[in-house]
Amino acid sequence: MHGKQIMALKKHTNPQDELIGSTEGIHIVDAGAGTGKTYSIVKRYGNILDKSYKPENILLITFTKNAAEQMREKVVKDFSEKSGISRLLEAPIMTFHAFCSRLLKKSGMNSPSYLGLDEFISGNFSLAEDSSFEEEMFRKFFMTFSGINNEKYESIQYALEGKVNDVLSVIKKLCSVGIFPSANGWSESDKEKLKGNYELFSERFDRMNEIRKGERGDKQSLLSEKFKNTVRDKLYKDFKEGDVYAVKNVNPGIKESIFNDEAQELFHEFINDVYLSYIEYMLKRNQLNYEFMVMFAYLVLYNNKNLRQNNQFEYVMIDEFQDTDELQFKIILLLCKNMNGIANLCAVGDWKQGIYSFRNTKIENITEFKNRLSEFADELNKDEKRIEFDTGDHTKIIFENNYRSSDTILKFSRGTLFVSATAEDEVDEDFVSSNFAEPLLPERKLEDLTEIKFYKAADRIDECRLVLKKISQLINEKDKYKIRIFENETGKVAEERPVMYSDICVLSRNKKFCHELQREAMTAGIPVNYSGGIEIFASEQGVLILAWLRLLLNEKDISGWIPVLDKEGYSFPEVKYFSDNFIKENSVNSDLIPADLFEFLRHLKTFRNNILFAVEAILGRYRYYDETANKLIAVIQQWNSSELISLNELVRIIENSANAEFDTESGNTSDAVLTQTIHASKGLEYPVVFIANVNEKIFPDTKGDKGKIIFNHSAGLRAKTFYGTNGSYNYIFNNWKTDLINAVTKNPDYAEERRLLYVAVTRAKQYLYFTSHRPSPFFVQTAGKSGSEIISDFEYEIIKNKTEEISVSEVTADESDVDKGRKFISPHALMENLIDESADTVTEENEYSINLRNKNREFGLMIHNIANKTANGIEVESDIEEVKRIKEFIHSLKADKLIAEADFLYPEENRTIRGTIDLLAFYKDRVTVIDYKTDKDKKNIEKYKLQIQIYKNSIKSIYKDKEAEGLIYFVSLDEMVIV
DNA sequence: GCCCGTCTATTTTTT
DNA sequence: ATAGACGGGC
């Protein structure tokens, strides 16, 4: 009876119900992995609706497009009766960045004036989404900036040694903590922040500089040891060992003088100037990056009381709060409406899953919520009362009930936050213990259908094979390994079945292992798909494009010929012979080059003035029409269309963008193992998880920081190098003062590596395996904690997948099956489903048809590119008839506003249509949807009409006050068709 | 046991 | 370029 009472009490105070029920006031929710976070947020949303609040007054913020889409889908599904579908479809449920973008487009025009800039933000600004694209833009900007400011900052520019990206990244970092430049220089409070925090520094200095007690007497201090390591092989000026070191530690007398380093003052001024000029440069080009977009949204809300109040919400909920930075926290506060002294704010997150500090997010936003809440409110109220609600009071709710993992895995997962990453690394155990209670018993009873094991392999390849062996065992020993499925609502067992490939996920700290595993799996006959980023310019397609473009630039360029010859099948000695003898007395020995390659180069030269044509021709030569090829074209087109670039520049950009990435799912079998990085796996769950590649220097990652500039709270902003003279010689010296401060203030973020381990472990529901071939401390220590042996002699025959390969087209057709949630579908795909397929006569592809298709595609791309430029007010000169026509056509529209290449998203009942409209022309009472076609006839017109119809419907639902009409412009025929 | 020189591998990714 | 691991010299 006593027990029953406790049960009842517990049920009543289930933290989930507590959150769902309490809608008023400030709530911070610590919701661990698998605790039903999304479920609770949606339920709570419904509760707020019940109190007769309108969807437009409830802001629900997430961080990924997918999460926002999912959240809206659930809300629409559950509450359409309460509020009506159309209202919920338009409710503010969106990503943080989408919200900022919308705010700026609506009310951000004058925002730059708050920095003292004359530029405006126009409603159709574009975002620099691609990092290599932005880096190149910054490089270009910096060259001009250097030219203008050469006299003042010459020495600083030398000291940077061309590492321009370091400047860009520190600017973004400053932006994310709310330090902005201005035409009048840094504000007084920002100046202080850039100097650093001496108290904090001093305290850490003393702590690290304590002489340690060793077994044979005094041991040098940690700081002394660390700094001696740093000093090796460095060129310092005025560095006197006798002054810097005492007997067993660093001389404490130099503490204050190294901190107040006068050399940094000009550097701070330099950063302000670069920062502000770069913002100005981007605005002039109608460009923003993500950081500046958030900054301008903040400036609007901070400075304009009217706009602030007009944009506030009665209810604000934010998910994944551990992924916010300091500036985003402040924006959230500014968005809360003052409801009689109270704000209805609910921040949900899990500090243990904070793994994005490389983009400046702060888990302290959760762990120090109370302090930050009042601290940030004070800062926002500095000169004017902006936060009027009470920030002294809030409720903290902790979700403890786990609905995902087995008892064994759940217990084990907590321990991963206590393993040290190196021999020296000390875990802050008090911090973890006080912020993470022992887990309750899990809700899902898995009994014996669970295990955690550790396997050691001999080498890299063997580790991949080991994973595949274990996968084979899981699949084939059907009596031993079973997947238990539970009913969602009741928690009852619904099904027990054998393991399928798609139940299994192999995680790695880096992408490299994922690719290796996929390669090995292909040989072994195990289906493995990869999901995540691919470096496109490292792909074969990318390498060949770069090679040919180099040759186009300079046919003597041996670095161009080598990949080309390699692709032609020449052996290594042959290529070597070629490279040794290709150039004799500075002239080309062209006899060595196969005639058809020379011929192709001549063909390419006719495209010298149209880079996109050249790229298309290269891809066409090798018959690349795959996803990677399309992405390459799209990336190069983006670079090409922002500003006309020369071939020279393009080659340099590609050389510098080896890491340009795009997301992909590779492999096309439906029942397959998935491999991905731990970062990519966040938010997902799998019955079987492998944490592979737990190897030395990989996981935990112990890489240092190579940047030329440091910035953190206690050290402030400092350059690591400076330009100076030594006698009559000029050198770039390292600044030993900065290095020493860095040794004191930089805390290697192994806590984040541990959180990454925690994220990986908590993906698993039933079976969890670790593999390694050079065990790192994580592997050894977690094995110890679990009490398992490390198995080094595991053998199992890899049994090839017997199920039939499913072709790509079958998988695509499968997508009409919408049971698994909302699908994204393009209008083209939609049309394919709607139109009778017999209308298209399928012809076998031959060389001619491929050539023709390629030519047509080139032409279509060029026309679209030119139309895009014309619509954006960029004049294009050309003698081509079609180009003249399209220019004339666009001018003849006489629209109030034109938006070219408009991306749009239109949710229908169970799918979302996603596409790009060539051109939208806005008039007072109507919008015209325009699509260009370069066809030589109108035989596909019915198809096109349908496409336009879909666009029109979508547009009509977005711009309710306007009529929508459709227009197809057949450029080659010079004919218009109204739809 | 302590210190120092040498060796070894070297990113994660959303908007 | 960096930091941790390792091993030789004392």
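Chain A is the first sequence line, chain B the second, and so forth, proteins listed ahead of strands; every chain is numbered from 1.
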Residues in side-chain contact (heavy atoms from CB on, under 4.5 Å) contact with A:A246, at least two apart in sequence or another chain: A:N249
Non-neighbouring partners of A:T721 that pass side-chain contact (heavy atoms from CB on, under 4.5 Å), sequence neighbours left out: A:A159, A:K708, A:I732, A:N734
Carboxylate-amine/guanidinium proximity below 4.0 Å for A:K172 and A:E291: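 Salt bridge present between A:K172 and A:E291.
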Ionic contact status for A:K228 with A:E225, cut-off 4.0 Å: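 A salt bridge is absent here (no side-chain N lies under 4.0 Å from a carboxylate O).
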Side chain to side chain donor-acceptor pair (under 3.5 Å) with [X]: which residues, sequence neighbours excluded?
{"X": "A:S169", "result": "none"}
{"X": "A:K682", "result": "A:D323"}
{"X": "A:E364", "result": "none"}

Which whole-number value in Å describes the distance from [X] [atom1] to [N] [atom2]?
{"X": "A:M94", "N": "B:dT14", "atom1": "CE", "atom2": "P", "result": "21 Å"}
{"X": "A:K682", "N": "B:dT13", "atom1": "NZ", "atom2": "C1'", "result": "11 Å"}
{"X": "A:R774", "N": "B:dT10", "atom1": "CZ", "atom2": "C1'", "result": "10 Å"}
{"X": "A:I698", "N": "B:dT8", "atom1": "CD1", "atom2": "C1'", "result": "11 Å"}
{"X": "A:K172", "N": "B:dT15", "atom1": "NZ", "atom2": "P", "result": "15 Å"}
{"X": "A:I355", "N": "B:dT11", "atom1": "CD1", "atom2": "C1'", "result": "12 Å"}
{"X": "A:D701", "N": "B:dT8", "atom1": "CG", "atom2": "P", "result": "19 Å"}
{"X": "A:Y356", "N": "B:dT14", "atom1": "OH", "atom2": "C1'", "result": "7 Å"}

N/O (side chain, A:K511) to phosphate O (OP1/OP2, B:dT12) under 4.0 Å: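 Affirmative; the distance criterion is met.
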A:K65 side chain near B:dT13 phosphate (N/O to OP1/OP2, under 4.0 Å): no
Sugar-phosphate, base or nothing in reach of A:Q220, heavy atoms under 4.0 Å: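 Sugar-phosphate, no base atom in range.
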Sugar-phosphate only, base, or nothing, as touched by A:F358 at under 4.0 Å among non-hydrogen atoms: base
Heavy-atom protein contacts under 4.0 Å, nucleotides 2-10 of chain C, coded B base, S sugar-phosphate only, - none: SSBS-----
Base of B:dT14 paired with side chain of A:R359 (donor-acceptor, under 3.5 Å): yes
Among B:dC2, B:dT14, B:dT13, the one nearest A:T64 by side-chain distance: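 Nucleotide nearest to A:T64's side chain: B:dT14.
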Residue closer to the 5' end of DNA chain B, A:K512 versus A:I678 (nearest nucleotide):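 The answer here is A:K512.
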Upstream residue (5' side of DNA chain B) when A:A98 and A:L756 are each assigned their closest nucleotide: A:L756
